[in-house]
Amino acid sequence: MTRISIIGNAGGGKSRLSQQLGQKLSLPVFEVDQVQWRPGWVRAPEEEVAHWQEDILSQDRWLVDGWGSWPLLASRFAAADTIVFVDFPLAIHYWWATKRQVKSLFRPREGGPEDCPLWPKTGELYRLMWQIHYEVRPQLIKLMEQYQNSARFIHLRSPQQLRRLLKTAPTVPDDLIYAAI
């Protein structure tokens, strides 16, 4: 586990998982949202994000957390030796995202994009989470399946599995390894 891509719906704890797993494995952690968003939720040009990612993927060791465009996801998955899919029931994603949104009223999100307040985007976030779960998730699974022979898949279906991964890494329990999703 030296080149890890973490993906999943919002509110699933991807950023916290990335930080903790990166620390445990001594990997540099890179968050797509830090580059993808400029102040005020203005999207950065695709070429800028692609260049940033190319620089990271050329390194021997990395952990990348987040989305980006489909071509960026495909190149990241192709370069990864491990893909972690945070795939909880939608209700858990909603609950965790709600807690994060409310906390953001009192203090900015740690590690989030600069000058991108969360609360004003709450309604949009909930719609996006529904869309990801019901419409984008099947496409994401098809994309990930294209790399099943070159990367190990870790499919996290519950917060308990997420905690077990953190506890056992770099060893991964067999029941967390991808089998037909």
Task: Tyr134: partners by ring-ring contact (aromatic ring centres under 6.0 Å, His included), with sequence neighbours left out - done: Trp130
Partner set under side-chain contact (heavy atoms from CB on, under 4.5 Å) for [X], not counting sequence neighbours:
X	answer
Ala10	Arg100, Leu125, Met129
Gln161	Leu156, Arg157, Ser158, Asp175, Leu176
Lys99	Trp95, Trp96

Side-chain contact, heavy-atom cut-off 4.5 Å: [X] with [Y]?
X	Y	result
Leu21	Leu27	no
Gln160	Arg164	no
Thr2	Asp60	no
Phe77	Ile7	yes
Val29	Trp62	no
Met1	Ile154	yes
Val64	Ile4	no

TODO: For side-chain contact (heavy atoms from CB on, under 4.5 Å), just list the numbers for Val86 and His155, CA-CA rounded to whole Å, side-chain angles, deciding distance to a tenth of an Å, and then say yes or no.
DONE: CA-CA 6 Å; Val86 179; His155 187 192; over 6 Å; no
same_hphob_cluster([X], [Y]) at 4.5 Å side-chain heavy-atom cutoff:
X	Y	answer
Leu128	Phe85	yes
Val32	Leu57	yes
Val172	Ile6	yes
Ile83	Ile132	yes

TODO: Decide side-chain hydrogen bond (donor to acceptor under 3.5 Å, both in side chains) for Gln53 and Glu48; before the verdict, give the C-alpha distance in whole Å, the side-chain angles of both, and the deciding distance to 0.1 Å.
DONE: CA-CA 9 Å; Gln53 181 173 285; Glu48 183 179 315; over 6 Å; no
Tabulate below the donor-acceptor pairs under 3.5 Å that side-chain atoms of residues 66-74 make, not counting sequence neighbours, or state none.
unit_1, atom_1, unit_2, atom_2, d
Trp67, NE1, Gly8, O, 2.8
Ser69, OG, Glu46, OE2, 2.5
Ser69, OG, Leu72, N, 3.3

- [ ] With side-chain contact (heavy atoms from CB on, under 4.5 Å) as the test, would you mind laying out the steps for Phe30 and Val35 before giving the verdict?
- [x] CA-CA 9 Å; Phe30 303 95; Val35 175; over 6 Å; no
Open item on the list: Enumerate the salt bridge (Lys or Arg N to Asp or Glu O under 4.0 Å) contacts for residues 77-86, please, sequence neighbours excluded, ordered by first and then second residue.
Closed with: Arg3-Asp81
[X] to [Y] - nearest heavy-atom pair and separation:
X	Y	answer
Leu63	Gly22	CD1-N, 3.9 Å
Asp65	Ser15	OD2-OG, 3.0 Å
Gln36	Asp33	NE2-OD1, 3.4 Å
Ile92	Pro159	CD1-CD, 3.8 Å
Arg61	Pro28	O-CG, 3.3 Å
Gln148	Phe153	CA-CE1, 3.2 Å

Just to verify, what does [X] make a salt bridge (Lys or Arg N to Asp or Glu O under 4.0 Å) with, not counting sequence neighbours?
X	answer
Glu124	Lys121
Glu54	none
Arg152	none
Asp55	none

Open item on the list: Are more than 12 heavy atoms, taken from residues, nucleotides or ligands other than Gln23, located less than 6.0 Å from that residue's CD atom?
Closed with: no
Task: Check: Tyr94 main-chain N/O paired with Tyr126 side-chain donor or acceptor under 3.5 Å - done: no
- [ ] Would you list the pairs meeting side-chain hydrogen bond (donor to acceptor under 3.5 Å, both in side chains) in which at least one residue belongs to residues 5-14, sequence neighbours left out?
- [x] none
TODO: List the steps and the verdict of side-chain contact (heavy atoms from CB on, under 4.5 Å) for Gln19 and Arg16.
DONE: CA-CA 5 Å; Gln19 292 302 320; Arg16 182 172 287 170; 5.9 Å; no
Task: Partners meeting side-chain hydrogen bond (donor to acceptor under 3.5 Å, both in side chains) with Tyr147 (sequence neighbours left out) - done: none
